[in-house]
Amino acid sequence: MTWDWGYAWETLPQLLDGLGVTVLATLAGTAIALVLGLIFTVLRRSSSRWIAIPTEILVEFIRSTPLLVQLFVLFFVLPQAGIELSAFMTGVIGLGLHYATYTSEVYRSGIEGVPAGQWEAAKALNLPARRVWTSVILPQAVPPSIPALGNYAIAMFKETPQLTVITVMELLSVARQLGAENYRYLEPVTIIGVLFLALSLPTAWLVRRMERRLVPAPRPV
Amino acid sequence: MCAAHVSRRNFLMGTAAGALGMAVSSCSTVDLTAQEAGGDLLSRIRDRGEVNIGIANEAPYGFVDRAGRITGEAPELARIVFQRLGVERMNPRITDFGALIPALQVGVFDVIAAGMFVTPARCEQILFSDPEYQAPESLMVPKGNPKGIRTLDDIVARKDIRVGLLTGSANISYATDLGLMDRAVIFDSVFSGLDGILANRADAFSLTAISLRDALSKRPDAPLELTPTYVPVIGGKRKLGCGAFGFRRDQRIFRDAFNVELNLMRANGELLSTVRPFGFTESEMTTLTATELCTDTSS
């Protein structure tokens, strides 16, 4: 099989459309995962068992089942329960929800990394719970978590092809469609590989850079 | 020697894709005389008492059923035709759809029985019998057809309708030509299309009536129905695929004998009664000929 530049060139505009969908889905999915993950973490640490335990079960349930299965359920079952979201919205929520369970773990380790003395000091000052979180714990817990969060954003980016099963025309769907139409998969599939690489590498570099700036060197006590 | 039978050596060379050209070219001088004579494969099959048929294992065209029996519209028709030609045994050879033509050419089997569409490009490679079926289109819609859709043209006029399409199907190019792609929902299998209609992901699923009927027969409880069949006209051209049996180019006598029996079955209604269990109906019956389809550039 030989590489056909003419065909590769011809498919590029459609593949770039697909890339737009992929990037948008990743950005929106990451935003959901970052916010929802933090909410999960705080709820899991709630002093009320009625909140902590159900949250824990929900997180473990989502984390332990495949994204593909979750997408299928959201796409085909939710509408039958009267909840109708577009395919794209369904995909974004699926990605965000799935990755929120991972980011929740990241936040948890960040919070556990905050010295116990900080909690005690906040308590000694009689700060309300909301201020303990917003002013004392999270400002110390979140920055060290950012590199790991960035890695999950990259992982999510590479998992967006799963949205093809729920009819979202992201990169892989477009490439498969072009291949089936023209009986040639080599060019579109190679191009999407290059496009994924072209976006993943700078993002990984950015994450590493942030890691160096945000994680403070250990200070002498 | 080459035309008389395909030797094991040539067979192995032929299956190695790179050597395909060599296997064919080494036979070319003999093939030409054989082509003038019309070939002797039919008499050799009669002597052997068995014929090898190539199928792609695709329901409902040619497939192996749960009992391990080779069946489908094309093998069942072939079984009857070959019995009448004096050949009792039929051996299936399963291969990828895309490999059917090359495998036929190097003699892995004697005839393609896979409901292959006759196209001018394929006619340059192989001979076709007259088609045993045509494949008009239909739409799968919720029971009662609440939106009153009958054809792709109806969908063009109604901007609120989302049309479901199967990835890689000819319908994608129809929808592209009709400017429907911004309202298209691309499903990756026939059954996800069916579930998509049930989940209100699309208002209609457009495909050949044969494929839709086959899918619906496997989900008889689904509250869905099919619209009456029609032939789409895209850019002034009728789009109608027709499936037929394929033969080696140098075996005209074999093809002609097969055609005679097949056309007798068409005339007395036996063809329809044989393929009906596989979801084919009157609307799939055709009187088009291989000659017309090989020269026709409209589909």
Side-chain angles (χ1 to χ4, degrees), chain A residues 1-2 10-11 13-18 20-22 25 68-91 93-94 160-186 188-189 192, chain B residues 17-18 20 96-102 116-117 119 121-122 125 142 160 162-177 180-207 211 219 221-224 234 239:
Chain A
M1 184 168 265
T2 49
E10 214 173 280
T11 60
Q14 274 174 276
L15 288 171
L16 289 177
D17 282 350
V21 174
T22 293
L68 196 65
V69 173
Q70 291 162 8
L71 289 172
F72 256 102
V73 170
L74 290 173
F75 189 70
F76 287 113
V77 180
L78 279 193
Q80 300 188 28
I83 304 168
E84 295 200 12
L85 298 164
S86 71
F88 180 79
M89 277 309 291
T90 308
I93 290 171
T160 51
Q162 295 202 31
L163 301 188
T164 187
V165 299
I166 59 164
T167 77
V168 175
M169 290 305 279
E170 48 64 62
L171 262 180
L172 184 73
S173 310
V174 176
R176 282 178 48 179
Q177 180 51 43
L178 286 165
E181 230 172 86
N182 303 294
Y183 308 106
R184 286 187 72 94
Y185 288 90
L186 178 67
V189 173
I192 68 168
Chain B
L20 190 71
D96 274 354
F97 187 83
L100 282 170
I101 289 179
M116 182 181 272
F117 276 9
T119 66
R122 286 176 184 154
Q125 304 282 315
D160 59 318
R162 299 156 300 163
V163 57
L165 304 169
L166 177 65
T167 187
S169 70
N171 264 279
I172 303 259
S173 67
Y174 304 163
T176 308
D177 292 345
L180 290 175
M181 287 310 277
D182 56 331
R183 289 181 276 139
V185 184
I186 315 286
F187 293 100
D188 66 343
S189 76
V190 179
F191 288 97
S192 79
L194 186 152
D195 280 325
I197 302 292
L198 290 176
N200 194 24
R201 291 293 173 187
D203 301 299
F205 185 35
S206 179
L207 204 61
S211 298
R219 294 278 295 276
D221 56 326
L224 298 168
I234 315 285
K239 299 287 184 184

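The shown structure was predicted, so the numbers you read here are calculated from the model rather than taken from an experiment. Letters A, B, ... are given to chains in the order of the sequence lines, protein chains preceding strands, and every chain is numbered from 1.
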Find the N and O donor-acceptor pairs between chain A and chain B that sit under 3.5 Å apart.
from: A/F75; atom 1: O; to: B/R201; atom 2: NE; distance (Å): 3.0
from: A/F75; atom 1: O; to: B/R201; atom 2: NH2; distance (Å): 3.0
from: A/E84; atom 1: OE1; to: B/N200; atom 2: ND2; distance (Å): 3.2
from: A/E84; atom 1: OE2; to: B/N200; atom 2: ND2; distance (Å): 3.3
from: A/L85; atom 1: O; to: B/R201; atom 2: NH1; distance (Å): 2.5
from: A/Q177; atom 1: OE1; to: B/T167; atom 2: OG1; distance (Å): 2.9
from: A/Q177; atom 1: OE1; to: B/G168; atom 2: N; distance (Å): 3.3

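Shown here are the ring-ring contact (aromatic ring centres under 6.0 Å, His included) partners of A/F72, two or more places apart in sequence or in another chain: A/F76. Listed by chain and residue number, B/F187 satisfy the ring-ring contact (aromatic ring centres under 6.0 Å, His included) test with B/F205 (two or more places apart in sequence, or in another chain). Considering only residues two or more places apart in sequence or on other chains, B/A175 meets the side-chain contact (heavy atoms from CB on, under 4.5 Å) condition with B/L165, B/L180, B/M181.
By number of non-hydrogen pairs under 4.5 angstrom with chain A, the leading residue of B/A202, B/A170, B/A199, B/A184 is B/A199.
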